[in-house]
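Keep in mind that the numbers below use all heavy atoms, side chains included, and drop hydrogens, waters and symmetry copies. Letters A, B, ... are given to chains in the order of the sequence lines, protein chains preceding strands, and every chain is numbered from 1.
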Amino acid sequence: MAKAGLRMVYARLLRRYGPQHWWPGDTPFEVMVGAVLTQNTAWVNVERAIANLVEANALDPARMAAMSETRLGELLRPSGYFNVKARRLRSFCRWYLATGGYDRLSMLDTDDLRRQLLAVHGVGPETADDILLYAFTRPVFVIDAYTRRIFGRLGMITGDEDYETLRRCFETGLKRDVPLYNEYHALIVRHGKDVCRPRPLCGECCFARSACAYYRDASNP
DNA sequence: TACCAGGAGAAAA
DNA sequence: TTTTCTCATGGT
């Protein structure tokens, strides 16, 4: 993928939306919990589930690991897939405690930490990379559905490449820079929510053609 | 009413 | 190995 194209899209997204100040979460552990809960789920519903955890004084790896899946599922209900996510979060918390928590995990190199995350039940490539970038501040580019849709419509990718292929595309096309990866992914999500929807909701973005007319038209901000 | 949302794992082909 | 199915609440 053309490096100039990647830089151009970033510059235009940043100019249009400004810094997004991601990830919403007060602690690295809360970021990790949010990364699991947001799987195929709107963030507003994740916030409700996290609020339930805080209210129950359960936003803690030891307490979540000790809680029954049924009880944890009740707290996670607003985020959807609550039975699935209760099991995944308990698996994650058991792993997190067994490995010694944040300080010990921070000592691992990025590749090793990524391999360990991917071995946890319920942590796939996107969730692992969310955690690496936003909780451990590692230079890993997160690929999500918005990334595929936006860059597919721009004609820069086909959109059906496998995850690792796309991650390499972005990481080799951009300098290894945590603040850049952080902001770029946040802007992609913002633009995806804003105008680059699955179906046309406004005239700003072309949904009928393979390329995105919005970014082809240099007069747009 | 139908679609969509910051995926992942299991089952089926 | 690749594709399809399942999980679920809440907003638009």
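Against DNA chain C, the stretch residues 87-95 of chain A makes no heavy-atom approach under 4.0 Å. DNA chain B lies under 4.0 Å from no heavy atom of any residue of residues 177-184 of chain A. Taking every heavy atom of residues 158-172 of chain A and every atom of DNA chain C, no pair lies under 4.0 Å.
In this structure Tyr102(A) satisfies the ring pair (Phe, Tyr, Trp, His ring centres under 6.0 Å) test together with Phe136(A), sequence neighbours excluded. Arg148(A) is linked by a salt bridge (Lys or Arg N to Asp or Glu O under 4.0 Å) to nothing, counting only residues two or more places apart in sequence or in another chain. Residues forming a ring pair (Phe, Tyr, Trp, His ring centres under 6.0 Å) with Trp95(A) (at least two apart in sequence, or on another chain): Phe92(A). In this structure, the salt bridge (Lys or Arg N to Asp or Glu O under 4.0 Å) partners of Glu74(A), at least two apart in sequence or on a different chain, are Arg71(A). By the ring pair (Phe, Tyr, Trp, His ring centres under 6.0 Å) test, Tyr181(A) pairs with Phe141(A), sequence neighbours left out.
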Heteroatom pairs (N/O) under 3.5 angstrom, protein to nucleotides 8-12 of chain C:
residue, atom, partner, partner atom, Å
dA8(C), OP1, Tyr81(A), O, 3.2
dA8(C), OP1, Phe82(A), N, 3.1
dA8(C), OP1, Asn83(A), N, 2.7
dA8(C), OP1, Val84(A), N, 3.0
dA8(C), OP2, Asn83(A), ND2, 3.1
dA8(C), O4', Tyr81(A), N, 2.8
dA8(C), N6, Tyr81(A), OH, 2.1
dA8(C), N1, Tyr81(A), OH, 3.0
dT9(C), OP1, Arg77(A), NH1, 3.3
dG10(C), O4', Asn45(A), OD1, 3.4
dG10(C), O4', Asn45(A), ND2, 3.4
dG11(C), OP1, Arg48(A), NH2, 2.7

Could you list, one pair per line, each protein nitrogen or oxygen that sits under 3.5 Å from a nitrogen or oxygen of nucleotides 10-13 of chain B, together with the distance?
none

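A donor and an acceptor atom, one from each side chain of Asp103(A) and Ser106(A), are nowhere located under 3.5 Å apart.
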Return a table of donor-acceptor pairs under 3.5 angstrom between the side chains of residues 52-66 of chain A and protein atoms on other chains or two or more places apart.
residue, atom, partner, partner atom, Å
Asn52(A), ND2, Leu75(A), O, 3.0
Asp60(A), OD2, Ala62(A), N, 3.0
Asp60(A), OD2, Arg63(A), N, 3.0

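Residues in residues 124-139 of chain A take part in these side chain to side chain donor-acceptor pair (under 3.5 Å) pairs, two or more places apart or across chains: Gln39(A)-Thr127(A), Thr110(A)-Arg138(A), Arg114(A)-Asp129(A), Asp129(A)-Tyr163(A).
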